[in-house]
Amino acid sequence: METLKKMLTKTIYFPAIIGILLGSTLILSLKYSILVIIGGIISTIMVLNPFLGILLFIISIALPSVLYISFSTNAAAGLGCLLLIASGQKKLKKTPLNWLLPVMYFTAILPAFVSDGVMENYLEHPKGLMTFIFYSLASLIIINLVDSTKKLEKVYNLLIIIGVIIGIICILQCFNLDPLEDYIYSFTGQSNLGERGASISDAAVSKRFPFMRRAIAYTGDAVATGAIEQTIFFLGLAFILTANTFFGKNLYRLLAFILFMGLFTPFSRSVWISSFLTSIYWWYKTGMNKKQLCLALIVLLSISYFFWDSVYERYYQTFVFKDYKKDEVSYQISQLKRFAHNPFVGTGIGLINEFPEVRDYFSERGFYTFYDPDADQEAIDADIYTSDSQVIYTSFYPGTACQLGIAGIVSVLLIIFSTFRVLSRSEKIFKAINNQKLYYLTMGLKTAFVGMLLHLAMRGDQTTILLWILIGLSWVTYNIAMEVKNEKHV
């Protein structure tokens with residue numbers, strides 16, 4: 001008993017206990033019995049090779065979060081906290097996440113005990129809460145198990161491979177040439193996407209603008225696909241700078257071009273805006289010359305000309321039809337009003353309209369059709385794309401404040417600020433010791449992180465999984481930088 005008590009007092013067991021309890025609850029539920037098979041296989045692989053388990057989790061960014069296989073990967077990541085013990089770690093590596101994550105989880109669970117309907121929603125529809133916890137726990141797993149430069153580079157390479165595959169799929173979908181599209185949609189329970197027209201992610205737009213075919217890859221959402229490609233694109237640019245040979249540089253240029261096509265072809269205005277702003281930051285960091293800027297402009301204009309029909313219809317939709325995403329702005333205003341009304345207790349984790357408490361704030365802005373988690377998914381999707389009053393998206397910053405309250409949003413912001421700070425420190429260390437490869441990779445990671453934060457200012461979707469992965473990789477980079485610094489005595 002005394003030994004067990006000592007074990008439970010170790011910091012390392014905090015994520016393990018959470019993973020065991022939530023993972024067991026999920027797996028024992030008959031509603032999610034299919035996860036027993038998928039989650040069991042993934043968990044077994046993680047036990048045999050913890051690092052391989054991390055790579056499997058990262059692959060799930062290319063899949064929609066609603067899928068069993070994607071969700072079971074997240075569940076396995078929660079259970080995979082046990083691997084921190086199995087890997088021989090005595091305690092968690094020191095990061096602000098060790099104490100900020102418990103604060104976040106407390107603010108997510110608190111509404112279940114003080115607000116009507118939240119506990120029932122959590123019990124009947126646990127996916128939102130569990131995904132929130134599993135995503136963030138994944139960053140803690142990455143920090144503690146990716147413990148070498150070699151492993152870090154493998155993760156980078158995997159992200160590039162995932163991004164290139166998504167980019168190729170996007171290109172094929174723009175020309176209706178994806179041979180696997182119908183099979184994938186059918187297998188993943190998204191046949192309604194194909195019924196709306198292959199690769200067209202917005203049926204309401206497509207009726208007015210028949211030439212605008214938006215690539216969605218297999219994430220099920222054009223904006224999420226574009227945001228994923230945007231993030232990986234800047235990592236790809238960093239790899240160009242690390243290559244020492246003519247072949248290597250041109251290979252990474254080709255991959256960067258494919259990644260750019262992946263972020264361009266979803267025709268997401270929010271992704272275009274965040275990519276443009278992030279590119280300015282990248283040019284500022286790298287000091288691109290006029291020749292490089294002119295080349296980038298030529299590539300952009302050439303691609304725009306090639307997809308002129310879609311680009312023009314996007315322009316027409318924005319400036320003539322005057323569709324400025326006003327609904328999403330209203331979502332953010334509604335969430336901020338709810339936060340201002342009660343900043344200390346949030347609404348709980350879920351789609352922004354799942355809880356009766358927050359619906360009044362949407363109704364007063366003219367939104368009256370709400371998401372029903374028990375309804376048929378295809379019927380829901382059909383309504384989303386034909387109704388002007390549907391409410392479903394959660395904006396990241398106002399949504400976090402609304403759902404978690406002031407303690408929750410402060411915790412998230414502290415994690416973001418501390419992560420940006422350690423990335424800046426890592427940059428300085430690698431530059432000081434003249435480690436060009438790690439310096440450029442850190443610069444690419446930092447730029448990708450900035451781009452993700454800019455994108456989340458406009459949307460909050462399944463790309464949050466990538467945010468937590470970036471946070472984990474940032475602290476891994478910092479730990480490696482500090483080790484190198486101590487060795488070099490800088």
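Values below: all heavy atoms of this structure, side chains included; hydrogens, waters and symmetry mates excluded. Heads up: numbering here begins at 1 and tracks the sequence.
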Original post:
Can you check whether Lys93's main-chain N or O pairs, donor with acceptor, with Asn144's side chain at less than 3.5 Å?
Top reply: yes
Subject >> Beyond-backbone contact of Leu140 with Asn98, side-chain heavy atoms, under 4.5 angstrom >> reply: yes
Subject >> From Ile143, Val155, Ile58, residue fulfilling side chain to side chain contact (heavy atoms under 4.5 Å, CB included) relative to Leu473 >> reply: Val155
Original post:
Is there a donor-acceptor contact under 3.5 Å from the side chain of Ser268 to the main chain of Val223?
Top reply: no
**OP:** For residues Val450 and Phe234, determine if any side-chain heavy atom of one lies less than 4.5 Å from a side-chain heavy atom of the other.
**Re:** no
Subject >> Side-chain touch Glu483/Asn486, heavy atoms, less than 4.5 angstrom >> reply: no
Original post:
Is there a donor-acceptor contact under 3.5 Å from the side chain of Ser424 to the main chain of Phe420?
Top reply: yes
Original post:
Any side-chain donor-acceptor pair under 3.5 Å between Ser136 and Tyr105?
Top reply: yes
**OP:** Could you tell me which non-hydrogen atom of Ile349 sits nearest to which non-hydrogen atom of Tyr122, and how far apart they are?
**Re:** N-OH, 2.7 Å
Subject >> Shortest non-hydrogen contact between Ala108 and Leu129, atoms and distance >> reply: CB-CD1, 4.0 Å
**OP:** Check whether any side-chain heavy atom of Pro96 sits under 4.5 Å from a side-chain heavy atom of Leu414, and report yes or no.
**Re:** no
Subject >> Nearest non-hydrogen partners of Leu97 and Ser139, listed with the distance >> reply: CD2-OG, 3.3 Å
Original post:
Which pair of heavy atoms, one from Leu237 and one from Ala256, lies closest together, and at what distance?
Top reply: CD2-CB, 4.2 Å
